[in-house]
Amino acid sequence: MKSALVIDDHPITHLGASRLLRDLGYDPVGQAMSGEQALAQLADGSAPALIVLDISLPGKDGLDLIAPLKEAAPDARILIFSMNDQTGFAARALQSGAHGFLSKNAPPAEFRDAVHRLEAGEFYLSAKQAVALATLRAGASADPLGALSDRERQVLTLIGRGLSLQAIADELGVSYKTAANTSSSLKKKLDVDGINGLMKFALESGV
C-alpha cells in the first residue's frame with residue numbers, strides 16, 4: 001500500500017484527510033503537526049508517495065518547508081492543502097516545488113481528483129486558481145501577496161495574529177528595527193495605513 005504523510009496542526013484536518021487517503025488506497029503514516037515533526041519522521045526512513053501539506057504551521061511555514069521535504073523524500077508528490085487559497089500562494093507553492101494546490105474549502109471529490117492527478121504525474125490547480133494564475137502571469141492582474149518576500153509574509157502573518165512589533169522580532173529572532181522596517185515595507189506594498197490596516201488586510205486575506 002502506498003504511504004502518505006499529512007502535515008497539519010489541526011487534528012480534524014488530519015482525521016478528514018486521512019479518511020479520504022485511505023479510500024484512495026493510501027496508508028497515512030504519522031501525525032505530523034509541524035515541519036520539524038515531519039522531517040524527523042522522514043529522517044527515520046519513511047518514504048511517502050504523497051505529502052499533504054498545510055501552509056500555516058508552527059515554526060517554519062509550509063512554503064518554506066517544501067524544499068527540505070523534497071530533499072528528504074525526493075520521490076514524494078506534494079499537495080498543498082490550505083485555507084490560504086490566494087493566487088499568490090498557489091504560484092509560490094508551485095515555484096517552490098509543490099505539485100498541486102487545493103483549498104480546504106474544496107469538496108471531497110476535488111481532493112480525490114487532485115490526488116489522482118498527482119499520481120498520474122500531473123500538476124493540480126482548481127479551475128479558478130488556474131485561470132487566476134494564468135491571468136497573473138500574463139500581467140493582467142496583480143496579487144499583492146505574491147509580491148511579498150518570505151520575511152514580509154511572516155511578519156504579516158504575525159501581525160494578523162495580533163503580535164506587537166517587539167513580539168514579532170522576538171518570534172523571528174530579528175531586531176526590532178528589522179521588524180519595523182519590514183512593517184513599513186508591507187504598508188507600501190499593500191497600500192495600507194498603520195498596523196491596524198495591516199492586521200485588517202492579514203485577517204481578510206487569510207494569511
Side-chain angles (χ1 to χ4, degrees), residues 1-86 88-104 106 110-126 129 133 145-146 148-155 157-158 171-174 207:
M1 180 179 286
K2 301 165 292 187
S3 64
L5 175 61
V6 179
I7 309 171
D8 196 293
D9 61 342
H10 294 92
I12 291 177
T13 300
H14 270 282
L15 179 62
S18 295
R19 285 180 175 175
L20 288 169
L21 288 167
R22 288 190 183 95
D23 290 343
L24 292 167
Y26 284 87
D27 177 22
V29 294
Q31 288 286 318
M33 309 292 281
S34 68
E36 289 74 14
Q37 289 182 10
L39 291 172
Q41 289 187 35
L42 294 175
D44 289 340
S46 62
L50 176 68
I51 296 175
V52 179
L53 174 64
D54 191 12
I55 290 179
S56 299
L57 294 169
K60 183 176 290 189
D61 72 25
L63 296 183
D64 293 332
L65 194 59
I66 293 173
L69 285 174
K70 287 175 69 69
E71 183 175 352
D75 295 329
R77 304 287 286 175
I78 299 176
L79 175 65
I80 299 294
F81 189 43
S82 176
M83 291 298 296
N84 299 325
D85 60 356
Q86 287 80 14
F89 284 114
R92 285 175 51 79
L94 297 183
Q95 289 168 355
S96 298
H99 304 98
F101 192 104
L102 181 66
S103 169
K104 287 183 178 179
E110 190 172 350
F111 183 95
R112 297 186 186 99
D113 184 40
V115 172
H116 286 315
R117 294 276 289 277
L118 265 62
E119 287 177 337
E122 302 174 9
F123 289 83
Y124 182 83
L125 287 174
S126 69
Q129 285 283 358
L133 186 56
L145 290 173
L148 301 184
S149 67
D150 290 342
R151 176 69 74 203
E152 287 168 340
R153 189 160 43 80
Q154 289 175 328
V155 170
T157 298
L158 295 175
E171 174 78 14
L172 298 179
V174 299
V207 298

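We number each residue from 1, following the sequence as shown. All of these numbers come straight from a predicted model, not from anything done at the bench.
K104 meets the salt bridge (charged side-chain N to carboxylate O under 4.0 Å, His left out) test with D8, D54; sequence neighbours excluded. Take R151 and apply the side-chain hydrogen bond (donor to acceptor under 3.5 Å, both in side chains) test, not counting sequence neighbours, and it matches Q154. Not counting sequence neighbours, the partners of F81 by the ring pair (Phe, Tyr, Trp, His ring centres under 6.0 Å) test are F111. Applying the ring pair (Phe, Tyr, Trp, His ring centres under 6.0 Å) criterion to H14, with sequence neighbours excluded, gives no partner residue. The side-chain hydrogen bond (donor to acceptor under 3.5 Å, both in side chains) test applied to E71 returns no partner, not counting sequence neighbours. Residues satisfying the salt bridge (charged side-chain N to carboxylate O under 4.0 Å, His left out) test with D150, not counting sequence neighbours, are R92, R153. Considering only residues two or more places apart in sequence or on other chains, A106 meets the side chain to side chain contact (heavy atoms under 4.5 Å, CB included) condition with L102, E110. Partners of D113 under the side chain to side chain contact (heavy atoms under 4.5 Å, CB included) rule, at least two apart in sequence or in another chain, are R117, Y124. Residues satisfying the salt bridge (charged side-chain N to carboxylate O under 4.0 Å, His left out) criterion with E171, sequence neighbours excluded, are absent altogether. Among residues two or more places apart in sequence or in another chain, the salt bridge (charged side-chain N to carboxylate O under 4.0 Å, His left out) test is passed with D64 by none. For A32, the side chain to side chain contact (heavy atoms under 4.5 Å, CB included) partners are L5, I7, Q37, A38, Q41, not counting sequence neighbours. Checked against side chain to side chain contact (heavy atoms under 4.5 Å, CB included), A98 has the following partners two or more places apart in sequence or in another chain: I66, I78, I80, A93.
Of the inter-residue distances, the one linking F123 atom CZ with H99 atom NE2 reads 5.0 Å to the nearest 0.5 angstrom. Taken from OH in Y26 to OG in S18, the straight-line distance is 13.5 Å, to the nearest 0.5 Å. Atoms NZ and CG, on K70 and D75 in that order, are 10.0 Å from each other to the nearest 0.5 Å. The distance from the CZ atom of R19 to the CG atom of L21 is 12.5 Å, given to the nearest 0.5 Å. With rounding to the nearest 0.5 angstrom, the CG atom of L65 is 11.0 Å from the OG atom of S96.
Remark: of the listed residues I51, L50, V29, V29 is the sole one forming a side chain to side chain contact (heavy atoms under 4.5 Å, CB included) with S3.
Listed here is the closest heavy atom pair of P48 and A76: O-CB, 3.3 Å. Here the shortest heavy-atom pairing between P28 and R22 reads CD-CG, 3.7 Å. Here the closest heavy-atom approach between residue F101 and residue L79 is recorded as N-CD1, 3.8 Å. Summarising the geometry of S56 relative to D9, their closest heavy-atom pair is O-OD1, 3.6 Å, with the distance given to 0.1 Å. Scanning all heavy atoms of the two residues, the minimum distance from A72 to L39 falls at CB-CD2, 4.4 Å.
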Worksheet item: Between E119 and K2, is a side chain to side chain contact (heavy atoms under 4.5 Å, CB included) present by the stated rule, with each step listed?
Response: CA-CA 11 Å; E119 287 177 337; K2 301 165 292 187; 2.8 Å; yes

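L24 places a side-chain heavy atom less than 4.5 Å from the side chain of H116.
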